[in-house]
Amino acid sequence: MERTLCILKPSAIERSLVGEVVKRIEQKGITICGMKMMQLDEKILREHYSHLVERPFFPMLVESMTISPVIVMCLEGKDVVEVFRGMTGATNGRKAVPGTIRGDFSMSGQQNIVHASDSVENAEIEIARFFKPDELFDYTPGMLKFLYAEDEI
Ligand code: IDP
Ligand code: MG
C-alpha cells in the first residue's frame, strides 16, 4: 500500500483542530501507520521546504512552522498521496474548495493547517526525513475488507 506524510502544522495545534483533521483521515478509511509530536527547526525546514528557501516569505514560513510543536503522521492507503492531497485542498485556504481541510479551516496562504506530500517519490523522502524505521508500523486494519474490493488490495 502507498504511504504519504501529513504534518499537522502549528495552525492546527494552536487552533485545536487536531481531532477534526484526524477524524477526517479515519472516516475516509486511511490507515495511520505512524504518529508523533515533534518540534521542528530551521535545519529540517530548509530540507523539507528546499523549493521555497529563496522565496522572500521563507523566514516567515520558518517562524510559523516552529512557533509550536507539530504532529507528523504517516498515512497509508491505495493511491493515498493523491487522495490526501485532494482532501487537503489548494495551498491558499481562501482558494481551497469547501469540503477540503484547508477550504473548511483556513483563511490563509501560509497558516493552512496541514502539509501533504505531493508525489509518491517525495512522500518516500519526506517519511524518511521525519520518521525512524521503528516509528512506523505495519499492520492490517481488521476492517480492510470493508474499505476495499478484493481486487483493490
Ligand atoms: P503545499 O503546502 O500546498 O504543497 P507549497 O507550494 O509546497 O504548497 O508551499 C509549502 C508551504 O509554504 C505552504 O503550505 C504554505 O504554508 C507556505 N507558502 C507557500 N506559498 C506561500 C506564500 O506565497 N506566502 C506564504 N507562505 C506560503
Ligand atoms: Mg508542497
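Ligands are counted one by one from 1 in listed order, and the atoms in each one are counted from 1 as well.
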Dump the intermediate steps for side chain to side chain contact (heavy atoms under 4.5 Å, CB included) on L8 and M37, then the final yes or no. CA-CA 9 Å; L8 303 177; M37 184 171 256; over 6 Å; no
Distance-minimising heavy-atom pair for T66 and D41: CG2-CA, 4.0 Å
Separation of N112 CG from K95 NZ (nearest 0.5 Å): 13.0 Å
E2 and K78: salt bridge (charged side-chain N to carboxylate O under 4.0 Å, His left out), yes or no, with the steps? CA-CA 6 Å; E2 198 169 284; K78 190 171 174 68; over 6 Å; no
Grab the two heavy atoms, one from P10 and one from S64, that are nearest each other, plus how far apart they are. CG-O, 3.1 Å
One line per pair, note the atom names and distance for all nitrogen or oxygen contacts under 3.5 Å between ligand 1 and the protein.
| residue | atom | partner | partner atom | Å |
| --- | --- | --- | --- | --- |
| ligand 1 | 2 (O) | R102 | NH2 | 3.0 |
| ligand 1 | 3 (O) | T91 | OG1 | 2.6 |
| ligand 1 | 3 (O) | R102 | NH1 | 2.9 |
| ligand 1 | 4 (O) | R85 | NH1 | 2.9 |
| ligand 1 | 7 (O) | H51 | NE2 | 2.9 |
| ligand 1 | 8 (O) | T91 | OG1 | 3.2 |
| ligand 1 | 14 (O) | K9 | NZ | 2.9 |
| ligand 1 | 14 (O) | N112 | ND2 | 2.8 |
| ligand 1 | 16 (O) | K9 | NZ | 3.0 |
| ligand 1 | 16 (O) | Q110 | O | 2.9 |

Please list all pairs passing the ring-ring contact (aromatic ring centres under 6.0 Å, His included) test where one or both residues lie in residues 128-153, with sequence neighbours left out. H48-F130
